[in-house]
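I have placed the structure first, in the form of C-alpha coordinates, so that the comments after it can refer back to it.
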Amino acid sequence: MNTNTNMMIETKHLTRRYGTRVVVDDVNLQVKKGEIYGFLGPNGAGKTTTIRMLLGLIRPSAGEVLLFGRELSRHRMEVLGKIGSLVESPSYYGHLTGHENLQTIQKLLGLKKNRIDEVLETVRLTKDAHRPVKGYSLGMKQRLGIAAALLRDPEMVILDEPTNGLDPAGIHEVRQLILDMPRQHGITVLVSSHLLSEIDQVATQVGIINGGRLIFQDSIDVLRRESRPRLRVVTERPGAAQMLLRGQGHAAEIEAGALWLEGGAAENIGAINRELVLAGHTVTRIEEVKRSLEDIFLDLTGKDVSL
Amino acid sequence: MTQGATFRRTLSAEILKMRGSQIGWMMWLGPLIGAVGGVGGYVQVREEIAGQPEWIMLYAMFVLNYAMLFLPILVGLYTAMICRFEHQSGGWKQWLALPVSRSAVYLSKGLLVLGLLLVGQVLLLVLMLAGGLVLGVEGEIPWGRLLNGLFYGWVATWPLAALQLWVSTVWKSFAAPLALNVIFTLPAVAIANSATYGPWYPWAQPLLAMMPMEKAISDFSQLNFWVIVVGGFVLLTAAGWRHFVRRDVA
(Lines give C-alpha, C1' and ligand atoms only; values in the text may rest on other atoms or scores of the structure.)
Protein backbone atom coordinates (compact mmCIF):
# COMPACT_ATOMS: atom_id res chain seq x y z
CA MET A 1 0.00 0.00 0.00
CA ASN A 2 1.29 3.41 -0.91
CA THR A 3 1.22 5.39 2.28
CA ASN A 4 1.60 8.74 0.58
CA THR A 5 -1.72 8.63 -1.19
CA ASN A 6 -3.38 7.89 2.12
CA MET A 7 -1.73 10.69 4.01
CA MET A 8 -4.19 13.54 4.38
CA ILE A 9 -2.01 15.73 6.57
CA GLU A 10 1.72 15.52 6.89
CA THR A 11 3.89 18.15 8.45
CA LYS A 12 7.64 18.05 8.21
CA HIS A 13 9.64 19.73 10.96
CA LEU A 14 6.88 22.29 11.29
CA THR A 15 8.11 25.15 13.45
CA ARG A 16 6.77 28.53 14.38
CA ARG A 17 8.63 31.12 16.41
CA TYR A 18 7.39 34.41 17.78
CA GLY A 19 10.56 36.33 18.37
CA THR A 20 12.69 33.92 20.34
CA ARG A 21 9.75 31.99 21.73
CA VAL A 22 9.20 28.68 19.95
CA VAL A 23 5.48 27.97 19.95
CA VAL A 24 5.52 24.99 17.60
CA ASP A 25 8.74 23.03 17.64
CA ASP A 26 9.68 20.54 14.92
CA VAL A 27 6.26 18.89 14.70
CA ASN A 28 5.75 15.95 12.34
CA LEU A 29 2.05 15.24 12.20
CA GLN A 30 0.70 12.34 10.19
CA VAL A 31 -3.01 12.01 9.64
CA LYS A 32 -4.22 9.13 7.47
CA LYS A 33 -7.36 8.91 5.42
CA GLY A 34 -10.49 7.87 7.26
CA GLU A 35 -9.08 8.48 10.73
CA ILE A 36 -10.41 10.65 13.48
CA TYR A 37 -7.18 12.16 14.66
CA GLY A 38 -7.33 13.57 18.16
CA PHE A 39 -4.90 16.43 18.61
CA LEU A 40 -4.42 16.70 22.30
CA GLY A 41 -2.56 19.11 24.52
CA PRO A 42 -2.97 21.56 27.37
CA ASN A 43 -3.99 25.12 26.60
CA GLY A 44 -1.08 27.03 25.16
CA ALA A 45 0.70 23.90 23.96
CA GLY A 46 0.68 25.01 20.33
CA LYS A 47 -2.44 23.26 19.04
CA THR A 48 -4.13 26.33 17.60
CA THR A 49 -0.91 27.68 16.11
CA THR A 50 -0.33 24.32 14.43
CA ILE A 51 -3.88 24.24 13.09
CA ARG A 52 -3.58 27.79 11.80
CA MET A 53 -0.49 26.75 9.89
CA LEU A 54 -2.36 23.75 8.48
CA LEU A 55 -4.96 26.15 7.12
CA GLY A 56 -2.53 28.69 5.76
CA LEU A 57 -3.66 31.37 8.19
CA ILE A 58 -0.14 31.85 9.48
CA ARG A 59 3.18 30.96 7.95
CA PRO A 60 5.62 28.47 9.44
CA SER A 61 9.02 29.79 10.49
CA ALA A 62 10.46 26.51 9.25
CA GLY A 63 9.25 23.19 7.93
CA GLU A 64 6.34 22.51 5.67
CA VAL A 65 2.75 21.40 5.51
CA LEU A 66 1.58 18.76 3.05
CA LEU A 67 -2.13 18.32 2.55
CA PHE A 68 -3.27 15.41 0.40
CA GLY A 69 0.41 14.99 -0.40
CA ARG A 70 0.74 18.48 -1.85
CA GLU A 71 2.58 21.44 -0.43
CA LEU A 72 0.20 23.93 1.09
CA SER A 73 2.48 26.84 0.32
CA ARG A 74 2.28 26.10 -3.41
CA HIS A 75 -1.20 24.66 -3.86
CA ARG A 76 -3.09 26.63 -1.23
CA MET A 77 -6.34 27.22 -3.12
CA GLU A 78 -6.54 23.69 -4.44
CA VAL A 79 -5.96 21.86 -1.15
CA LEU A 80 -8.01 24.23 1.00
CA GLY A 81 -10.91 23.55 -1.36
CA LYS A 82 -11.09 20.01 0.01
CA ILE A 83 -10.99 21.02 3.67
CA GLY A 84 -13.65 22.30 6.01
CA SER A 85 -12.52 24.01 9.18
CA LEU A 86 -13.66 25.43 12.44
CA VAL A 87 -10.96 27.30 14.34
CA GLU A 88 -11.58 28.01 18.01
CA SER A 89 -14.71 30.03 18.68
CA PRO A 90 -17.30 29.87 15.92
CA SER A 91 -17.22 32.60 13.31
CA TYR A 92 -20.47 34.17 12.25
CA TYR A 93 -22.07 37.38 11.18
CA GLY A 94 -24.54 38.13 13.95
CA HIS A 95 -26.82 40.37 11.95
CA LEU A 96 -27.35 37.66 9.34
CA THR A 97 -29.49 34.55 9.75
CA GLY A 98 -27.93 31.11 9.91
CA HIS A 99 -29.00 30.52 6.34
CA GLU A 100 -27.52 33.81 5.14
CA ASN A 101 -24.27 33.09 6.95
CA LEU A 102 -23.89 29.89 4.99
CA GLN A 103 -25.00 31.70 1.86
CA THR A 104 -21.99 34.02 2.06
CA ILE A 105 -19.72 30.97 1.85
CA GLN A 106 -21.89 29.28 -0.77
CA LYS A 107 -21.67 32.39 -2.96
CA LEU A 108 -17.98 32.83 -2.33
CA LEU A 109 -17.15 29.28 -3.33
CA GLY A 110 -19.76 29.03 -6.05
CA LEU A 111 -21.45 26.00 -4.45
CA LYS A 112 -24.92 24.66 -5.12
CA LYS A 113 -27.63 26.39 -3.15
CA ASN A 114 -29.31 23.24 -1.91
CA ARG A 115 -26.13 22.30 -0.01
CA ILE A 116 -27.12 24.93 2.53
CA ASP A 117 -30.32 23.12 3.44
CA GLU A 118 -28.52 19.79 3.48
CA VAL A 119 -25.89 20.86 5.97
CA LEU A 120 -28.41 22.74 8.10
CA GLU A 121 -30.32 19.47 8.27
CA THR A 122 -27.15 17.59 9.21
CA VAL A 123 -26.50 19.84 12.20
CA ARG A 124 -30.23 20.11 12.92
CA LEU A 125 -30.57 23.85 12.52
CA THR A 126 -33.27 23.77 9.84
CA LYS A 127 -35.85 25.10 12.28
CA ASP A 128 -33.71 28.11 13.25
CA ALA A 129 -32.21 28.75 9.83
CA HIS A 130 -33.98 32.03 9.30
CA ARG A 131 -33.28 33.66 12.65
CA PRO A 132 -30.39 36.11 13.12
CA VAL A 133 -27.39 34.26 14.52
CA LYS A 134 -26.89 36.75 17.35
CA GLY A 135 -29.88 35.09 19.02
CA TYR A 136 -28.38 31.60 18.81
CA SER A 137 -27.05 29.72 21.81
CA LEU A 138 -23.35 28.90 21.84
CA GLY A 139 -24.13 25.31 20.93
CA MET A 140 -26.17 26.43 17.92
CA LYS A 141 -23.40 28.78 16.78
CA GLN A 142 -20.94 25.94 17.08
CA ARG A 143 -23.19 23.68 15.03
CA LEU A 144 -23.52 26.42 12.45
CA GLY A 145 -19.73 26.54 12.33
CA ILE A 146 -19.65 22.81 11.68
CA ALA A 147 -22.30 23.25 8.98
CA ALA A 148 -20.05 25.88 7.39
CA ALA A 149 -17.16 23.43 7.49
CA LEU A 150 -19.26 20.73 5.83
CA LEU A 151 -20.78 23.05 3.23
CA ARG A 152 -18.25 22.38 0.49
CA ASP A 153 -18.52 18.61 0.95
CA PRO A 154 -14.93 18.32 2.17
CA GLU A 155 -12.65 15.32 2.17
CA MET A 156 -11.26 16.41 5.50
CA VAL A 157 -12.48 18.51 8.38
CA ILE A 158 -10.26 20.31 10.87
CA LEU A 159 -11.97 21.25 14.11
CA ASP A 160 -10.18 23.22 16.80
CA GLU A 161 -11.70 22.72 20.25
CA PRO A 162 -15.19 22.21 18.87
CA THR A 163 -16.73 21.43 22.26
CA ASN A 164 -15.20 24.33 24.15
CA GLY A 165 -17.77 26.11 26.27
CA LEU A 166 -20.64 23.81 25.36
CA ASP A 167 -23.04 22.26 27.85
CA PRO A 168 -23.15 18.46 28.14
CA ALA A 169 -25.97 18.15 25.60
CA GLY A 170 -24.07 20.34 23.14
CA ILE A 171 -20.89 18.34 23.68
CA HIS A 172 -22.80 15.14 23.02
CA GLU A 173 -24.24 16.48 19.77
CA VAL A 174 -20.92 17.70 18.46
CA ARG A 175 -19.31 14.40 19.38
CA GLN A 176 -21.99 12.52 17.48
CA LEU A 177 -21.46 14.73 14.44
CA ILE A 178 -17.73 14.04 14.54
CA LEU A 179 -18.25 10.29 14.83
CA ASP A 180 -20.63 10.33 11.86
CA MET A 181 -18.23 12.14 9.56
CA PRO A 182 -15.97 9.22 8.60
CA ARG A 183 -18.78 6.66 8.84
CA GLN A 184 -21.42 8.37 6.78
CA HIS A 185 -19.48 10.75 4.59
CA GLY A 186 -16.00 9.27 4.40
CA ILE A 187 -14.53 12.43 5.85
CA THR A 188 -11.20 12.37 7.65
CA VAL A 189 -11.26 14.42 10.85
CA LEU A 190 -8.64 16.22 12.84
CA VAL A 191 -10.09 17.40 16.11
CA SER A 192 -8.17 19.19 18.83
CA SER A 193 -8.97 19.37 22.49
CA HIS A 194 -7.34 20.04 25.82
CA LEU A 195 -9.59 17.39 27.35
CA LEU A 196 -8.44 13.82 27.14
CA SER A 197 -11.94 12.49 27.71
CA GLU A 198 -13.15 14.28 24.60
CA ILE A 199 -10.48 12.74 22.41
CA ASP A 200 -10.82 9.35 24.06
CA GLN A 201 -14.45 9.12 23.01
CA VAL A 202 -13.99 9.87 19.34
CA ALA A 203 -10.41 9.44 18.18
CA THR A 204 -8.79 6.52 16.40
CA GLN A 205 -5.36 8.17 16.29
CA VAL A 206 -3.87 10.50 18.83
CA GLY A 207 -1.19 13.14 18.70
CA ILE A 208 -0.17 14.80 21.94
CA ILE A 209 1.52 18.16 21.89
CA ASN A 210 3.08 19.91 24.84
CA GLY A 211 5.29 22.94 24.97
CA GLY A 212 5.19 23.02 21.18
CA ARG A 213 6.58 19.51 20.77
CA LEU A 214 4.71 16.46 19.56
CA ILE A 215 5.44 13.98 22.35
CA PHE A 216 3.19 11.13 21.29
CA GLN A 217 1.63 10.03 18.05
CA ASP A 218 0.04 6.65 17.56
CA SER A 219 -3.28 4.89 17.62
CA ILE A 220 -5.51 5.41 20.62
CA ASP A 221 -5.14 1.69 21.36
CA VAL A 222 -1.44 2.10 22.00
CA LEU A 223 -2.23 4.87 24.40
CA ARG A 224 -4.82 2.71 26.10
CA ARG A 225 -2.44 -0.24 26.35
CA GLU A 226 -0.26 1.99 28.48
CA SER A 227 -3.12 2.09 30.88
CA ARG A 228 -2.85 -1.52 32.10
CA PRO A 229 -3.74 -1.74 35.76
CA ARG A 230 -1.10 -1.66 38.49
CA LEU A 231 -1.21 -3.38 41.84
CA ARG A 232 -1.24 -1.33 44.99
CA VAL A 233 -0.16 -3.12 48.18
CA VAL A 234 -0.36 -1.53 51.60
CA THR A 235 1.77 -2.99 54.37
CA GLU A 236 3.16 -1.72 57.65
CA ARG A 237 6.78 -1.80 56.54
CA PRO A 238 6.80 -0.98 52.86
CA GLY A 239 10.57 -0.66 52.64
CA ALA A 240 11.18 -4.23 53.85
CA ALA A 241 8.33 -5.55 51.71
CA GLN A 242 9.82 -3.83 48.66
CA MET A 243 13.18 -5.53 49.27
CA LEU A 244 11.45 -8.89 49.59
CA LEU A 245 9.44 -8.54 46.37
CA ARG A 246 12.35 -7.17 44.41
CA GLY A 247 14.37 -10.17 45.56
CA GLN A 248 11.74 -12.31 43.84
CA GLY A 249 11.90 -10.41 40.61
CA HIS A 250 8.97 -8.03 40.98
CA ALA A 251 9.48 -4.41 40.00
CA ALA A 252 8.09 -2.83 43.13
CA GLU A 253 8.12 0.92 43.75
CA ILE A 254 7.10 2.93 46.76
CA GLU A 255 4.75 5.77 46.14
CA ALA A 256 2.81 7.67 48.76
CA GLY A 257 3.61 5.06 51.43
CA ALA A 258 2.30 2.12 49.41
CA LEU A 259 3.97 -0.49 47.23
CA TRP A 260 3.20 -0.41 43.51
CA LEU A 261 3.73 -3.34 41.19
CA GLU A 262 3.62 -3.07 37.45
CA GLY A 263 1.06 -4.47 35.03
CA GLY A 264 1.55 -8.23 34.91
CA ALA A 265 1.67 -8.51 38.68
CA ALA A 266 -2.10 -8.43 38.83
CA GLU A 267 -2.34 -12.09 37.89
CA ASN A 268 -0.18 -13.05 40.86
CA ILE A 269 -2.12 -11.32 43.57
CA GLY A 270 -2.50 -14.51 45.58
CA ALA A 271 1.20 -15.47 45.32
CA ILE A 272 2.42 -12.03 46.25
CA ASN A 273 0.12 -11.90 49.20
CA ARG A 274 1.35 -15.26 50.43
CA GLU A 275 5.01 -14.29 50.12
CA LEU A 276 4.44 -11.16 52.14
CA VAL A 277 2.44 -12.86 54.87
CA LEU A 278 4.89 -15.75 55.18
CA ALA A 279 7.69 -13.25 55.62
CA GLY A 280 5.77 -11.73 58.52
CA HIS A 281 4.28 -8.68 56.86
CA THR A 282 0.79 -7.51 57.69
CA VAL A 283 -0.98 -6.80 54.42
CA THR A 284 -3.83 -4.40 55.02
CA ARG A 285 -4.83 -3.81 51.42
CA ILE A 286 -4.21 -5.16 47.93
CA GLU A 287 -5.95 -3.57 45.00
CA GLU A 288 -5.78 -3.28 41.27
CA VAL A 289 -5.51 0.33 40.24
CA LYS A 290 -6.35 1.22 36.67
CA ARG A 291 -4.35 4.08 35.23
CA SER A 292 -6.60 6.46 33.50
CA LEU A 293 -5.57 8.03 30.24
CA GLU A 294 -5.39 11.15 32.31
CA ASP A 295 -2.53 9.67 34.32
CA ILE A 296 -0.68 8.62 31.20
CA PHE A 297 -1.19 11.99 29.70
CA LEU A 298 0.20 13.61 32.81
CA ASP A 299 3.18 11.27 32.71
CA LEU A 300 3.86 12.25 29.12
CA THR A 301 3.40 15.94 29.57
CA GLY A 302 5.08 16.24 32.95
CA LYS A 303 3.24 16.51 36.19
CA ASP A 304 3.43 20.24 36.53
CA VAL A 305 1.02 20.74 33.68
CA SER A 306 -2.52 21.08 34.88
CA LEU A 307 -5.32 20.28 32.53
CA MET B 1 -11.72 29.17 -12.35
CA THR B 2 -10.73 32.52 -13.76
CA GLN B 3 -9.53 35.45 -11.70
CA GLY B 4 -12.60 37.38 -12.79
CA ALA B 5 -15.01 34.73 -11.56
CA THR B 6 -13.18 34.48 -8.22
CA PHE B 7 -13.39 38.20 -7.82
CA ARG B 8 -17.07 38.39 -8.72
CA ARG B 9 -17.89 35.69 -6.17
CA THR B 10 -15.90 37.38 -3.47
CA LEU B 11 -17.63 40.66 -4.17
CA SER B 12 -21.11 39.19 -4.16
CA ALA B 13 -20.36 37.44 -0.86
CA GLU B 14 -19.20 40.78 0.58
CA ILE B 15 -22.37 42.48 -0.56
CA LEU B 16 -24.45 39.75 1.02
CA LYS B 17 -22.67 40.30 4.32
CA MET B 18 -23.83 43.91 4.39
CA ARG B 19 -27.46 42.84 4.27
CA GLY B 20 -29.33 43.94 7.35
CA SER B 21 -26.35 45.90 8.66
CA GLN B 22 -26.14 49.57 9.57
CA ILE B 23 -24.56 50.53 6.27
CA GLY B 24 -27.94 50.98 4.57
CA TRP B 25 -29.01 54.03 6.52
CA MET B 26 -25.49 55.26 7.06
CA MET B 27 -25.21 55.73 3.33
CA TRP B 28 -27.97 58.33 3.54
CA LEU B 29 -26.70 60.00 6.67
CA GLY B 30 -23.66 61.81 5.27
CA PRO B 31 -25.39 63.25 2.19
CA LEU B 32 -28.43 64.18 4.30
CA ILE B 33 -26.35 66.15 6.79
CA GLY B 34 -24.51 67.72 3.87
CA ALA B 35 -27.82 68.67 2.31
CA VAL B 36 -29.22 70.19 5.49
CA GLY B 37 -26.05 72.23 5.92
CA GLY B 38 -26.01 73.16 2.27
CA VAL B 39 -29.60 74.34 2.16
CA GLY B 40 -29.15 76.25 5.42
CA GLY B 41 -25.97 77.88 4.18
CA TYR B 42 -27.52 78.84 0.90
CA VAL B 43 -30.51 80.47 2.55
CA GLN B 44 -28.16 82.53 4.74
CA VAL B 45 -26.00 83.90 1.94
CA ARG B 46 -28.69 84.15 -0.69
CA GLU B 47 -28.91 87.96 -0.51
CA GLU B 48 -25.16 88.52 -0.68
CA ILE B 49 -24.57 86.39 -3.70
CA ALA B 50 -27.36 87.83 -5.83
CA GLY B 51 -26.23 87.91 -9.42
CA GLN B 52 -23.97 84.90 -9.15
CA PRO B 53 -24.98 81.67 -10.92
CA GLU B 54 -27.38 80.26 -8.35
CA TRP B 55 -26.93 76.54 -8.96
CA ILE B 56 -23.19 76.82 -8.66
CA MET B 57 -23.60 78.68 -5.39
CA LEU B 58 -25.95 76.00 -4.07
CA TYR B 59 -23.46 73.34 -5.12
CA ALA B 60 -20.67 75.21 -3.34
CA MET B 61 -22.65 75.39 -0.11
CA PHE B 62 -23.42 71.66 -0.28
CA VAL B 63 -19.84 70.74 -1.00
CA LEU B 64 -18.34 73.02 1.62
CA ASN B 65 -20.24 71.23 4.34
CA TYR B 66 -20.07 67.77 2.99
CA ALA B 67 -16.60 67.42 1.54
CA MET B 68 -14.90 69.27 4.36
CA LEU B 69 -16.15 67.11 7.18
CA PHE B 70 -18.69 64.41 6.48
CA LEU B 71 -17.23 62.82 3.41
CA PRO B 72 -13.81 62.02 4.94
CA ILE B 73 -15.51 60.73 8.07
CA LEU B 74 -17.84 58.63 5.97
CA VAL B 75 -14.87 57.06 4.20
CA GLY B 76 -13.48 55.88 7.54
CA LEU B 77 -16.89 54.73 8.68
CA TYR B 78 -17.37 52.56 5.61
CA THR B 79 -13.98 50.90 5.80
CA ALA B 80 -14.44 50.24 9.52
CA MET B 81 -17.94 48.84 8.98
CA ILE B 82 -16.83 46.59 6.19
CA CYS B 83 -14.12 45.01 8.34
CA ARG B 84 -16.20 45.00 11.48
CA PHE B 85 -18.05 41.83 10.50
CA GLU B 86 -14.73 40.01 10.37
CA HIS B 87 -13.17 41.53 13.48
CA GLN B 88 -16.27 40.99 15.61
CA SER B 89 -16.62 37.25 15.67
CA GLY B 90 -13.51 35.73 14.23
CA GLY B 91 -14.59 36.13 10.64
CA TRP B 92 -11.08 36.57 9.27
CA LYS B 93 -9.93 33.11 10.26
CA GLN B 94 -13.01 31.45 8.85
CA TRP B 95 -13.02 33.51 5.68
CA LEU B 96 -9.32 33.26 4.91
CA ALA B 97 -9.15 29.52 5.61
CA LEU B 98 -11.47 29.10 2.64
CA PRO B 99 -10.08 28.50 -0.82
CA VAL B 100 -10.26 32.16 -1.67
CA SER B 101 -7.48 34.48 -2.64
CA ARG B 102 -6.61 37.04 -0.01
CA SER B 103 -6.06 39.56 -2.76
CA ALA B 104 -9.62 39.07 -3.96
CA VAL B 105 -10.95 39.54 -0.44
CA TYR B 106 -8.97 42.72 0.14
CA LEU B 107 -9.65 44.27 -3.24
CA SER B 108 -13.34 43.43 -3.21
CA LYS B 109 -13.67 45.11 0.16
CA GLY B 110 -11.92 48.15 -1.26
CA LEU B 111 -14.10 48.16 -4.34
CA LEU B 112 -17.19 47.91 -2.20
CA VAL B 113 -16.11 50.96 -0.21
CA LEU B 114 -15.56 52.91 -3.41
CA GLY B 115 -18.99 51.77 -4.61
CA LEU B 116 -20.64 52.97 -1.42
CA LEU B 117 -18.89 56.33 -1.77
CA LEU B 118 -20.07 56.64 -5.35
CA VAL B 119 -23.64 55.95 -4.24
CA GLY B 120 -23.14 58.68 -1.65
CA GLN B 121 -22.14 61.15 -4.37
CA VAL B 122 -25.24 60.26 -6.37
CA LEU B 123 -27.42 60.71 -3.30
CA LEU B 124 -25.81 64.09 -2.70
CA LEU B 125 -26.67 65.09 -6.26
CA VAL B 126 -30.26 63.94 -5.84
CA LEU B 127 -30.59 65.90 -2.61
CA MET B 128 -28.97 68.91 -4.23
CA LEU B 129 -31.44 68.92 -7.08
CA ALA B 130 -34.32 68.43 -4.68
CA GLY B 131 -33.01 71.26 -2.48
CA GLY B 132 -32.63 73.54 -5.48
CA LEU B 133 -36.17 72.91 -6.60
CA VAL B 134 -37.58 73.48 -3.13
CA LEU B 135 -35.60 76.72 -2.75
CA GLY B 136 -36.64 77.84 -6.21
CA VAL B 137 -33.09 78.19 -7.46
CA GLU B 138 -33.10 80.00 -10.78
CA GLY B 139 -31.26 79.32 -13.99
CA GLU B 140 -30.15 76.41 -16.09
CA ILE B 141 -28.79 73.45 -14.13
CA PRO B 142 -25.04 73.31 -14.90
CA TRP B 143 -24.94 69.55 -15.33
CA GLY B 144 -21.37 69.47 -16.54
CA ARG B 145 -20.02 71.32 -13.53
CA LEU B 146 -22.07 69.34 -11.04
CA LEU B 147 -21.28 65.91 -12.46
CA ASN B 148 -17.63 66.74 -12.89
CA GLY B 149 -17.32 68.03 -9.37
CA LEU B 150 -19.02 65.02 -7.84
CA PHE B 151 -17.10 62.55 -9.97
CA TYR B 152 -13.70 64.06 -9.28
CA GLY B 153 -14.61 64.44 -5.65
CA TRP B 154 -15.26 60.73 -5.60
CA VAL B 155 -11.91 59.95 -7.20
CA ALA B 156 -10.23 62.20 -4.64
CA THR B 157 -11.58 60.01 -1.80
CA TRP B 158 -9.67 57.01 -3.11
CA PRO B 159 -6.33 57.63 -1.36
CA LEU B 160 -8.10 58.14 1.95
CA ALA B 161 -10.22 55.04 1.36
CA ALA B 162 -7.08 53.02 0.63
CA LEU B 163 -5.42 54.28 3.79
CA GLN B 164 -8.45 53.66 5.99
CA LEU B 165 -9.01 50.20 4.54
CA TRP B 166 -5.45 49.31 5.43
CA VAL B 167 -5.84 50.59 8.98
CA SER B 168 -9.26 49.01 9.40
CA THR B 169 -8.07 45.56 8.36
CA VAL B 170 -5.11 45.72 10.73
CA TRP B 171 -6.74 47.19 13.84
CA LYS B 172 -9.15 44.92 15.59
CA SER B 173 -10.90 47.83 17.23
CA PHE B 174 -13.81 49.45 15.45
CA ALA B 175 -13.33 52.80 17.17
CA ALA B 176 -9.59 53.25 16.69
CA PRO B 177 -9.55 53.75 12.90
CA LEU B 178 -12.57 56.02 13.23
CA ALA B 179 -10.90 58.13 15.88
CA LEU B 180 -7.74 58.40 13.83
CA ASN B 181 -9.79 59.47 10.85
CA VAL B 182 -11.72 62.13 12.74
CA ILE B 183 -8.54 63.55 14.29
CA PHE B 184 -7.02 64.01 10.85
CA THR B 185 -10.25 65.27 9.32
CA LEU B 186 -10.69 68.18 11.71
CA PRO B 187 -7.71 70.25 10.49
CA ALA B 188 -8.50 69.38 6.87
CA VAL B 189 -10.13 72.70 6.06
CA ALA B 190 -7.14 74.65 7.34
CA ILE B 191 -4.70 72.44 5.48
CA ALA B 192 -6.81 72.65 2.32
CA ASN B 193 -6.13 76.38 2.35
CA SER B 194 -2.42 75.79 2.10
CA ALA B 195 -1.37 75.57 -1.52
CA THR B 196 1.76 73.71 -0.49
CA TYR B 197 0.35 71.04 1.80
CA GLY B 198 -3.33 70.83 0.88
CA PRO B 199 -2.95 68.72 -2.25
CA TRP B 200 -0.88 66.17 -0.34
CA TYR B 201 -3.35 65.73 2.50
CA PRO B 202 -5.77 62.84 1.86
CA TRP B 203 -8.39 64.35 4.18
CA ALA B 204 -8.37 67.61 2.21
CA GLN B 205 -8.23 66.11 -1.26
CA PRO B 206 -12.00 65.53 -1.70
CA LEU B 207 -12.71 69.15 -0.74
CA LEU B 208 -10.07 70.46 -3.13
CA ALA B 209 -11.40 68.33 -5.93
CA MET B 210 -15.02 69.29 -5.41
CA MET B 211 -14.79 73.01 -4.80
CA PRO B 212 -15.90 74.91 -7.87
CA MET B 213 -13.43 77.74 -7.36
CA GLU B 214 -10.38 76.92 -9.40
CA LYS B 215 -8.35 79.06 -7.05
CA ALA B 216 -8.41 76.29 -4.47
CA ILE B 217 -5.59 74.58 -6.29
CA SER B 218 -4.55 77.44 -8.51
CA ASP B 219 -0.95 77.60 -7.32
CA PHE B 220 -0.69 73.95 -7.92
CA SER B 221 -1.38 72.64 -11.34
CA GLN B 222 -4.42 70.42 -11.80
CA LEU B 223 -2.19 67.80 -13.30
CA ASN B 224 0.11 67.69 -10.28
CA PHE B 225 -2.88 67.39 -8.01
CA TRP B 226 -4.24 64.38 -9.83
CA VAL B 227 -0.83 62.75 -10.01
CA ILE B 228 -0.64 63.01 -6.23
CA VAL B 229 -4.16 61.63 -5.78
CA VAL B 230 -3.78 58.70 -8.12
CA GLY B 231 -0.21 58.03 -7.02
CA GLY B 232 -1.25 58.09 -3.37
CA PHE B 233 -4.12 55.76 -4.07
CA VAL B 234 -1.91 53.25 -5.88
CA LEU B 235 0.79 53.35 -3.20
CA LEU B 236 -1.58 53.04 -0.26
CA THR B 237 -3.56 50.26 -1.94
CA ALA B 238 -0.39 48.35 -2.76
CA ALA B 239 0.93 48.70 0.79
CA GLY B 240 -2.33 47.68 2.47
CA TRP B 241 -2.88 44.84 0.04
CA ARG B 242 0.61 43.44 0.45
CA HIS B 243 0.33 43.63 4.21
CA PHE B 244 -3.03 41.88 4.15
CA VAL B 245 -1.83 39.07 1.92
CA ARG B 246 1.23 38.36 4.06
CA ARG B 247 0.10 38.86 7.59
CA ASP B 248 -0.75 36.27 10.23
CA VAL B 249 -4.42 35.77 10.84
CA ALA B 250 -4.96 35.56 14.57
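The chains referred to below are lettered A, B, ... by the order of the sequence lines, with proteins before strands, and numbering in each begins at 1.
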### Message
Counting neighbours of CZ on B:Arg242 that are heavy atoms of other residues, nucleotides or ligands and sit closer than 6.0 Å, is the number greater than 12?
### Response
no
### Task
Check whether A:Ile83 gets within reach of chain B through its side chain, its backbone, both or neither, counting any heavy atom under 4.5 Å.
neither
### Message
For the CZ atom on B:Phe7, are there more than 12 heavy atoms of other groups (residues, nucleotides or ligands in this structure) within a distance under 6.0 Å?
### Response
yes
### Message
Between A:Arg59 and chain B, with a heavy-atom cut-off of 4.5 Å, which part of the residue counts as in contact: side chain, backbone, both or neither?
### Response
both
### Task
Report the distance from atom NZ of B:Lys17 to atom CD of A:Glu100, rounding to the nearest 0.5 Å.
13.5 Å
#### Entry: Leading residue by heavy atom contact count with chain A [cutoff under 4.5 Å; candidates B:Glu86, B:Arg8, B:Gln88, B:Lys93]
B:Lys93
### Summary
Rounded to the nearest 0.5 angstrom, the CG-OG1 distance for A:Leu108 and B:Thr6 is 9.0 Å
### Task
Hey, could you give me the CG/CG distance between A:Leu80 and B:Leu96, rounded to the nearest 0.5 Å?
10.5 Å
### Query
If you measure from the Lys or Arg side-chain nitrogens to the Asp or Glu carboxylate oxygens, is any gap between B:Asp248 and A:Arg16 under 4.0 Å?
yes
### Query
In terms of heavy-atom pairs under 4.5 Å with chain A, which of B:Glu14, B:Arg247, B:Arg102 leads?
B:Arg102
### Message
Is A:Ser85 close to chain B through its backbone or its side chain, or both, or neither, when contacts mean heavy atoms under 4.5 Å?
### Response
side chain
### Message
Heavy-atom pairs under 4.5 Å with chain B - which of A:Leu55, A:Thr97, A:Leu96 has more of them than the others?
### Response
A:Leu96
### Query
Around B:Trp95, counting heavy atoms of other residues, nucleotides and ligands shown, do more than 12 lie under 6.0 Å from its CH2?
yes
